[in-house]
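What's counted below: heavy atoms across the whole structure, side chains too, no hydrogens, waters or symmetry copies.
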Amino acid sequence: MASNGDNNASAKPPPEPSPLRKAKFFQANMRILVTGGAGFIGSHLVDRLMQNEKNEVIVVDNYFTGSKDNLKQWFGHPRFELIRHDVTEPLLVEVDQIYHLACPASPIFYKYNPVKTIKTNVIGTLNMLGLAKRVGARILLTSTSEVYGDPLIHPQDESYWGNVNPIGVRSCYDEGKRVAETLMFDYHRQHGIEIRIARIFNTYGPRMNIDDGRVVSNFIAQAIRDEPLTVQLPGTQTRSFCYVSDMVDGLIRLMEGDNTGPINIGNPGEFTILELAENVKELINPDVQIITVENTPDDPRQRKPDITKAKSLLGWEPTIKLSDGIPLMEDDFRSRLGISRKK
Ligand SMILES: NC(=O)c1ccc[n+]([C@@H]2O[C@H](COP(=O)([O-])OP(=O)(O)OC[C@H]3O[C@@H](n4cnc5c(N)ncnc54)[C@H](O)[C@@H]3O)[C@@H](O)[C@H]2O)c1
Ligand SMILES: O=C(O)[C@H]1O[C@H](OP(=O)(O)OP(=O)(O)OC[C@H]2O[C@@H](n3ccc(=O)[nH]c3=O)[C@H](O)[C@@H]2O)[C@H](O)[C@@H](O)[C@@H]1O
């Protein structure tokens with residue numbers, strides 16, 4: 001059983017995959033389930049998985065923050081299937097791999113119905129682990145840097161246990177993901193399930209909801225619409241932004257490799273939110289105003305991934321820097337907003 005060398009060796013061998021895998025005359029495609037596949041990262045992951053002719057991709061999504069539009073390029077494709085389904089309900093499908101992404105990710109959306117966010121993280125992950133156990137599938141969870149809370153060490157490596165408020169307004173998400181990680185490891189140890197855990201740091205790129213509420217999409221939409229960029233106070237808080245194609249590459253390497261994780265996947269380039277606003281202003285609209293507005297409770301003050309493990313265990317590191325990624329996202333936002341560049 002693959003592991004990251006920590007004390008997580010499983011007690012039992014993994015469940016047997018489908019007999020079709022050993023069939024003599026019929027070579028089945030790899031069947032891959034992507035939960036939350038109609039969302040931002042999920043739809044880019046689906047695009048990449050569909051490029052491999054040996055993959056059949058099944059997406060399940062409840063469309064809370066995702067959209068069918070993100071997947072319309074695959075409608076009618078014989079290797080693609082889309083199911084409206086909520087992961088808090090059991091799911092019966094026969095698959096070889098599960099990328100478990102289903103969960104609202106933008107703070108304004110995960111705080112909108114916090115009880116549902118917890119159910120999605122806990123019951124949803126339990127259901128997907130039950131599915132993995134029944135069919136012998138390998139399962140990857142998209143966890144988050146929010147498991148480190150408001151981190152007291154910097155940059156954050158995977159051995160850090162975090163500084164999380166268990167009763168705050170972000171807890172439905174960060175504590176929810178922490179329980180999801182616990183469930184993953186307990187199924188691994190108790191039932192021999194093959195698990196992979198990615199701790200994703202702030203990711204941005206085309207197809208983010210224009211009104212998603214996350215900082216990169218907010219600033220880009222504001223700059224294009226000639227509206228002031230809203231820097232939440234103090235503005236010195238930091239984030240590290242990873243372009244979505246790099247993220248997808250990291251997730252697939254983690255799934256295909258031998259290590260359970262958790263492994264940080266993110267871009268270590270760190271910016272204050274004010275620096276991000278200045279970058280967006282310079283690249284998209286030098287005339288736009290930058291204003292400060294109130295922040296929300298428990299906003300982490302600093303965040304930067306230590307990606308030593310991703311580099312050494314996955315041979316992965318990001319390739320797209322922020323100043324190259326912002327214009328790529330600008331093109332997508334302009335075409336969706338119908339606002340072309342000023343002459
Ligand atoms: N984007 C980031 O910066 C980031 C950072 C850390 C972790 N992550 C994780 O990556 C995953 C994807 O994030 P994203 O940015 O693409 O977000 P997103 O909101 O665009 O996508 C999430 C998808 O999950 C679906 N969903 C939500 N609840 C569901 C449920 N109960 N049943 C079925 N589908 C459900 C949504 O409709 C949406 O399509 C999430 O698990 C998120 O926690 C993202
Ligand atoms: O990468 C992660 O681990 C997490 O990062 C984000 O959470 P957060 O960093 O709070 O994301 P944003 O809402 O984009 O906020 C980033 C920073 O920008 C600030 N901000 C946000 C929006 C805005 O208009 N202005 C602004 O200054 C916020 O106060 C915060 O300090 C994601 O939304 C989570 O899903 C993800 O799990």
Side-chain angles (χ1 to χ4, degrees), residues 29-53 55-113 116-117 119-121 123-125 127-128 131 137 139-142 173 200 203-214 216-218 220-221 224 243-245 247-248 251-252 255 328-339:
N29 284 341
M30 177 74 92
R31 289 206 200 107
I32 305 175
L33 173 66
V34 181
T35 76
F40 160 53
I41 299 177
S43 63
H44 286 278
L45 174 65
V46 169
D47 288 352
R48 188 77 67 86
L49 294 172
M50 285 295 293
Q51 282 168 15
N52 184 338
E53 283 179 12
N55 290 340
E56 281 174 30
V57 177
I58 303 173
V59 168
V60 303
D61 203 294
N62 70 352
Y63 309 126
F64 174 45
T65 52
S67 160
K68 284 185 198 171
D69 218 38
N70 289 334
L71 295 168
K72 60 180 185 303
Q73 60 280 25
W74 301 116
F75 290 176
H77 194 289
R79 289 187 284 107
F80 177 77
E81 206 175 326
L82 176 59
I83 304 171
R84 178 191 289 265
H85 178 81
D86 194 304
V87 292
T88 58
E89 300 293 335
L91 176 69
L92 289 178
V93 288
E94 312 303 313
V95 291
D96 305 294
Q97 290 184 343
I98 303 169
Y99 286 89
H100 179 38
L101 281 73
C103 178
S106 166
I108 57 170
F109 286 96
Y110 69 62
K111 289 191 268 190
Y112 168 76
N113 185 344
K116 180 61 198 269
T117 301
K119 283 187 179 172
T120 295
N121 277 319
I123 302 172
T125 303
N127 282 333
M128 292 310 110
L131 171 64
I139 177 168
L140 180 150
L141 170 74
T142 51
Y173 184 75
I200 297 181
T203 302
Y204 70 101
R207 288 196 197 141
M208 285 184 93
N209 278 331
I210 287 169
D211 300 308
D212 179 271
R214 283 181 274 187
V216 182
S217 46
N218 271 8
I220 291 183
I224 292 173
Y243 193 70
V244 66
S245 56
M247 178 55 56
V248 164
L251 294 177
I252 292 176
M255 177 64 104
L328 297 172
M329 193 162 160
E330 180 191 356
D331 291 342
D332 170 63
F333 269 44
R334 281 193 185 280
S335 81
R336 283 194 284 153
L337 286 166
I339 305 175

Nearest 0.5 Å, what's the [atom1]-[atom2] distance between [X] and [Y]?
X	Y	atom1	atom2	answer
Phe40	Ser106	CZ	OG	11.5 Å
Ile224	Ile210	CD1	CD1	8.0 Å
Tyr204	Leu328	OH	CG	7.5 Å
Leu131	Glu94	CG	CD	8.0 Å
Phe80	Met50	CZ	CE	7.0 Å
Asp96	Glu56	CG	CD	9.0 Å

What is the minimum heavy-atom distance between [X] and [Y], and which atoms define it?
X	Y	answer
Val60	His85	CB-CB, 4.0 Å
Cys103	Asn121	SG-OD1, 3.5 Å
Val93	Ile83	CG1-CD1, 4.5 Å
Met208	Thr203	CE-O, 3.9 Å
Leu71	Ala38	CD1-CA, 3.8 Å
Met329	Gly205	SD-N, 3.3 Å

Test your reading of the model: is there a side-chain donor-acceptor pair from [X] to the backbone of [Y], 3.5 Å cut-off?
X	Y	value
Asn127	Val87	yes
Asn209	Thr65	yes
Gln73	Asn70	yes
Arg79	Asn52	yes
Thr35	Leu101	yes
Asn29	Arg31	no
Thr142	His100	yes
Asn62	Phe64	yes

Test Arg48 against Leu251 for side-chain contact (heavy atoms from CB on, under 4.5 Å), laying out the working first.
CA-CA 11 Å; Arg48 188 77 67 86; Leu251 294 177; over 6 Å; no
Between Met247 and Leu45, is a side-chain contact (heavy atoms from CB on, under 4.5 Å) present by the stated rule, with each step listed?
CA-CA 9 Å; Met247 178 55 56; Leu45 174 65; over 6 Å; no
Between Asp86 and Lys116, is there a salt bridge with N-O shorter than 4.0 Å?
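Counted as a salt bridge, because a side-chain N and a carboxylate O are separated by less than 4.0 Å.
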Just checking Phe109: does its CZ atom have more than 12 heavy atoms from other residues, nucleotides or ligands closer to it than 6.0 angstrom?
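Yes.
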So does Lys111 have more than 12 non-hydrogen atoms from other groups sitting under 6.0 Å from NZ?
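Atom NZ in Lys111 is crowded, with more than 12 foreign heavy atoms closer than 6.0 Å.
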Given Tyr99, which of Ile41, Leu141, Leu49 fulfils the side-chain contact (heavy atoms from CB on, under 4.5 Å) condition?
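Going through the options one by one, the only one that passes is Leu49.
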In terms of ring plane angle, is the pair Tyr110 and Tyr173 parallel, tilted or perpendicular, where the classes change at 30° and 60°?
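The rings of Tyr110 and Tyr173 lie parallel, inter-plane angle below 30°.
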Report the C-alpha distance between Asp47 and Arg207 in whole Å, list the side-chain angles of each, state the deciding distance to 0.1 Å, and finish with yes or no for salt bridge (Lys or Arg N to Asp or Glu O under 4.0 Å).
CA-CA 12 Å; Asp47 288 352; Arg207 288 196 197 141; 2.7 Å; yes
With side chains defined as the heavy atoms from C-beta onward, is the minimum distance between Val95 and Ile32 less than 4.5 Å?
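A side-chain contact is absent here, since even the closest heavy-atom pair is not under 4.5 Å.
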